[in-house]
Amino acid sequence: MRRLLGIAACFLALAPGLDAQTIQGLAVVRGSNDPIASGVIVLFDDQGNEAARTSLARGRFSVTAPAAGRYRLRLDAIGYRTTFTPLFDLGQGGTLGVTLQVRPQTPFALDTVDVAGE
């Protein structure tokens with residue numbers, strides 16, 4: 001189940017108090033804590049609908065939920081495994097701080113492609 005996917009690939013560190021609507025965070029490589037240079041953060045509601053998205057800037061991001069509720073984050077970055085957080089609750093106002101620890105994608109070889117044209 002997707003709920004368990006985030007357990008091995010990321011850890012969600014919640015700042016004190018869950019009365020937040022804006023999520024500010026840092027995406028880092030698991031083990032080294034080096035920031036992920038670029039990627040996309042997507043915020044989903046508890047029904048799986050996209051609520052907001054933003055880009056990473058040297059590992060940092062900020063995304064605002066449209067309303068209080070239950071949400072999860074997904075991080076997509078080239079060279080890293082797609083990472084989901086568990087669901088978490090957001091209230092009105094304030095800021096929630098998160099740190100996403102992401103695992104690098106295992107390298108793999110692609111088949112050779114031959115192209116011919118006129």
Side-chain angles (χ1 to χ4, degrees):
M1 179 167 224
R2 287 211 118 121
R3 182 170 88 69
L4 298 177
L5 180 61
I7 293 173
C10 76
F11 298 97
L12 179 66
L14 301 177
L18 290 176
D19 60 343
Q21 193 171 331
T22 298
I23 304 157
Q24 293 182 341
L26 178 63
V28 298
V29 178
R30 184 177 178 188
S32 70
N33 288 329
D34 293 331
I36 306 292
S38 64
V40 176
I41 296 286
V42 183
L43 180 68
F44 292 97
D45 66 19
D46 60 351
Q47 301 299 309
N49 301 309
E50 183 176 323
R53 74 171 45 220
T54 192
S55 298
L56 291 177
R58 291 183 294 276
R60 299 202 176 277
F61 66 90
S62 179
V63 64
T64 301
R70 290 183 61 77
Y71 295 94
R72 80 175 52 212
L73 294 170
R74 182 184 77 201
L75 168 63
D76 295 310
I78 294 174
Y80 298 92
R81 294 182 181 186
T82 296
T83 302
F84 291 86
T85 66
L87 285 168
F88 54 88
D89 294 313
L90 291 177
Q92 292 293 342
T95 301
L96 174 68
V98 299
T99 298
L100 300 175
Q101 294 187 352
V102 184
R103 295 176 63 193
Q105 180 67 42
T106 304
F108 57 92
L110 299 174
D111 289 335
T112 302
V113 175
D114 293 319
V115 178
E118 294 180 26

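The shown structure was predicted, so the numbers you read here are calculated from the model rather than taken from an experiment.
- Thr83 OG1 to Arg30 CZ: the interatomic distance, rounded to the nearest 0.5 Å, is 10.0 Å.
- Of the inter-residue distances, the one linking Tyr71 atom OH with Thr85 atom OG1 reads 12.5 Å to the nearest 0.5 angstrom.
- At a threshold of 4.5 Å between non-hydrogen side-chain atoms, the residues Gln24 and Val63 do not count as touching.
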Quiz item: Step by step, would you call Ile36 with Tyr80 a side-chain contact (heavy atoms from CB on, under 4.5 Å)?
Solution: CA-CA 9 Å; Ile36 306 292; Tyr80 298 92; 3.6 Å; yes

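- None of Thr64, Thr95, Leu43 except one satisfies the side-chain contact (heavy atoms from CB on, under 4.5 Å) rule with Ile23; the exception is Leu43.
- The two residues Ala51 and Pro66 have their closest heavy-atom pair at CB-CD, 3.8 Å.
- Applying the side chain to side chain donor-acceptor pair (under 3.5 Å) definition to pairs two or more places apart or across chains, those involving residues 53-62 are Glu50-Arg53.
- Summarising the geometry of Ser38 relative to Ala77, their closest heavy-atom pair is O-CB, 3.4 Å, with the distance given to 0.1 Å.
- One N or O on the side chain of Gln21 and one on the backbone of Ala65 form a donor-acceptor pair closer than 3.5 Å.
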Self-check item: Pair Leu90-Arg70, side-chain contact (heavy atoms from CB on, under 4.5 Å): steps then yes or no
Solution: CA-CA 6 Å; Leu90 291 177; Arg70 290 183 61 77; over 6 Å; no

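- Distance check: Arg81 CZ to Gln105 CD gives 6.0 Å after rounding to the nearest 0.5 Å.
- To the nearest 0.5 Å, the span separating CG on Leu96 from CZ on Phe88 amounts to 6.0 Å.
- To the nearest 0.5 Å, atoms CZ (Arg74) and CZ (Phe44) are separated by 4.0 Å.
- The side-chain heavy atoms of Val40 and Leu56, taken from C-beta on, include no pair separated by under 4.5 Å.
- Linking ILVMFWY residues whenever their side-chain heavy atoms come closer than 4.5 Å, directly or via other members, places Val29 and Val98 in the same cluster.
- Of the inter-residue distances, the one linking Ile41 atom CD1 with Leu75 atom CG reads 4.5 Å to the nearest 0.5 angstrom.
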